[in-house]
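Below, chains carry the letters A, B, ... as their sequence lines are ordered, and counting in each starts from 1. Because only heavy atoms are used, hydrogens play no part in the values below, and waters and symmetry mates are left out as well, while side chains stay in.
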There are 2 protein chains.
Amino acid sequence: MTDVAAAAGVSHQTVSRVLNGSELVRDETRVRVLAAIAELGYRRNNAARLLVTNRSHRIGMISAHLVLHGPSMIAVSVQDAGHKAGYDVSLVAVEDFSAQSLREAVDRLLDEAVEAIVVAVAHRQALEQVSSLEVPVPVIIVQGVSDGQPMAVGIEQEAGARVAVEHLLDLGHRHVAHLTGPLEWVEAAQRRAGWQHAHEDRHVLPGPELAGDWSPQSGYEAGLRIAEDPDVTAVFAANDGMAMGLMYALHEKGRDVPGEISVVGFDNVPEAPYVWPALTTVNQEFSLLGRRAVELTMQALAGEADPSTQLIRPELVVRDSTAAPRPAVRER
Amino acid sequence: MTDVAAAAGVSHQTVSRVLNGSELVRDETRVRVLAAIAELGYRRNNAARLLVTNRSHRIGMISAHLVLHGPSMIAVSVQDAGHKAGYDVSLVAVEDFSAQSLREAVDRLLDEAVEAIVVAVAHRQALEQVSSLEVPVPVIIVQGVSDGQPMAVGIEQEAGARVAVEHLLDLGHRHVAHLTGPLEWVEAAQRRAGWQHAHEDRHVLPGPELAGDWSPQSGYEAGLRIAEDPDVTAVFAANDGMAMGLMYALHEKGRDVPGEISVVGFDNVPEAPYVWPALTTVNQEFSLLGRRAVELTMQALAGEADPSTQLIRPELVVRDSTAAPRPAVRER
DNA sequence: GACGAAATTGTGAACGCTAACATTCTTTGT
DNA sequence: ACAAAGAATGTTAGCGTTCACAATTTCGTC
């Protein structure tokens, strides 16, 4: 900077002012400085800047299970929205949800001088750990959010599950079976709750509940069992991957989808329209989620803490994997 | 740091020494300093550190199309491997491959004081732009790598494509059609080359070539056309998403897979085993790729430039979407 | 044509750390 | 017991910015 100042015949402070867009510098001077900067290929040292300003323009994100569609989309969208807001985003992936590894993740981010931390881990345990941690910067939650949680933005999982189940009930199915995600995931628990409540509202008992782990493999295994049960005419799987595994098993066992059994997924992965039959599922607007998360972060940074939870409502996408039950089934 | 020094009754330099693991400090003193650090909750300021050492312990990564399976896996694996090597990884996603946006991406990373840049963009144009850019740090390429390219680690796309096509030819198909990715992607071009060469080696003409864009949608459209062509008994799709769209179209048109037409994909996405029929595809070891990329980066940083290209050989995973052609087809 | 206010520019210190060198303690050998 | 070598610690000076304030210039006014 001193070199630039010398080349432009001004003081280093004037160079600094030009760089920071101060009004207090004559146009002519500004031009000279800019020219000197260009000529010398000068690039300002952000470490020095951070040292004195204490503002890193960086936010941290803690994430997990980035191989899964949802988490990875969220990570990308937060990163993107952050960049657009002029912030760098540091991502650290955790592999388990112990107090220790969360602590490490937070520490790593704090070492990078992040101004806020976005937590995108839907594990119940993780969220508890995080909220019990002493963190000297704002913490924003973007997954596994329940209503009334402060500093959080999420997708209304329960509403999404409800509309999926209601769609099936509306088609005439007496009840709907549910293949859950791992219930330690808030998302999974909320989708399950939505499934239950949809039945309760209509005063019918829900169909059988099977436990999955998000993987298509677990969907496949569940499918093998469902194929044996003549009473099941509709299944709501907690994500598309499991729905696909499930349909695979049904095919394998010669059960027709949707002729004999209807299937609904959740997530609307890009492949969903192209499995056979095209999967009816629930679409989540991840990019909107990222944008909202960053907006909230900016508010927190500006001190305008808005404690209300922002919730985004997902919507059902009807395709070919759902249909009315066969008349045969309805005879009584 | 001064506070810690005071609390421990030593000079700030001794604290610095403890923090940097210097040998030149008595055990007893070290313990005192550590205690003071713990008590005061002291955390060293990396900006100040970077300012004087000029080492950021950060590497940058330029990526694109993070919604796609491959790029996103690569991003995650590099990030992960980087962390394990003690480096933070800054990711910036580019949306087009103009000189300008690449320049911006590089500048953004340089502003973050990265010590090296990993480029994970398989677009031919992007790679050309990047190599023509003046970048004051080592640049490592991890996608769209061709043999003999310096500072690069990649997956042998052509070999992968070859083994896929040879599998089909071995099953007795006379030739194999190919659904390409966008050919500006080096990957797509290489897979296409592998498909061609496999045919050349056996002195047979390749089947028809159709242009796709990675999306299941484009696979679906290609599938509609292939379904009309009685001469096509086997298709090699350049990625799994297109393969899935393609199979969907074939189903829709009543063509049996693999009975009438065999299909091979590329990538081995998690859903591949659970589409119907389970997709034969080519598996790429992304986590290995990330590790290798970081190894190479570390070498470059240490000045041991190894100009040889590291290539990883992908392997075929045979599932149910491929079979010998029907005898009917082979009658002549 | 000189006065004051506003606009523009400059000066010195500080941010928290490490590098380089200086100093003070311990040993060790005789 | 004393020098010399080596181990452990301390001192000082930056790294490249911005901040707070001081100094200088410019301009409108009478």
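Every residue meeting the ring pair (Phe, Tyr, Trp, His ring centres under 6.0 Å) condition with A/H65, not counting sequence neighbours, appears here in chain and number order: A/F97, A/W185. Residues passing the salt bridge (Lys or Arg N to Asp or Glu O under 4.0 Å) test with A/E285, sequence neighbours excluded: none. In this structure A/R30 satisfies the salt bridge (Lys or Arg N to Asp or Glu O under 4.0 Å) test together with A/D27, sequence neighbours excluded. In this structure, the salt bridge (Lys or Arg N to Asp or Glu O under 4.0 Å) partners of B/R103, at least two apart in sequence or on a different chain, are B/D107. Legend: residues meeting salt bridge (Lys or Arg N to Asp or Glu O under 4.0 Å) with B/R32, ordered by chain and number and at least two apart, are B/E28.
For residues 47-57 of chain B, every residue pair satisfying the salt bridge (Lys or Arg N to Asp or Glu O under 4.0 Å) rule, not counting sequence neighbours, is listed here: B/R55-B/E115. For residues 1-31 of chain B, the set of pairs meeting the ring-ring contact (aromatic ring centres under 6.0 Å, His included) definition, not counting sequence neighbours, is empty. Note on residues 26-64 of chain A: pairs passing ring-ring contact (aromatic ring centres under 6.0 Å, His included), not counting sequence neighbours, are A/H57-A/Y87. Every pair passing side chain to side chain donor-acceptor pair (under 3.5 Å) that includes a residue from residues 286-302 of chain B is listed here, sequence neighbours excluded: B/R292-B/Q310.
Heavy-atom distances under 4.0 Å link DNA chain D to B/T29, B/L51, B/V52 of residues 27-60 of chain B, given in residue order. Contacts between residues 12-21 of chain A and DNA chain D, defined by a heavy-atom separation under 4.0 Å, are made by A/H12, A/Q13, A/S16, A/N20.
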Using a cut-off of under 3.5 Å, enumerate the N/O to N/O pairs linking the protein to nucleotides 23-28 of chain D.
none

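Checked by atom type, the side-chain pair B/N20/B/S22 shows no donor-acceptor distance below 3.5 Å.
Closest to the side chain of B/L24, out of D/dT17, C/dG10, D/dA8, is D/dA8.
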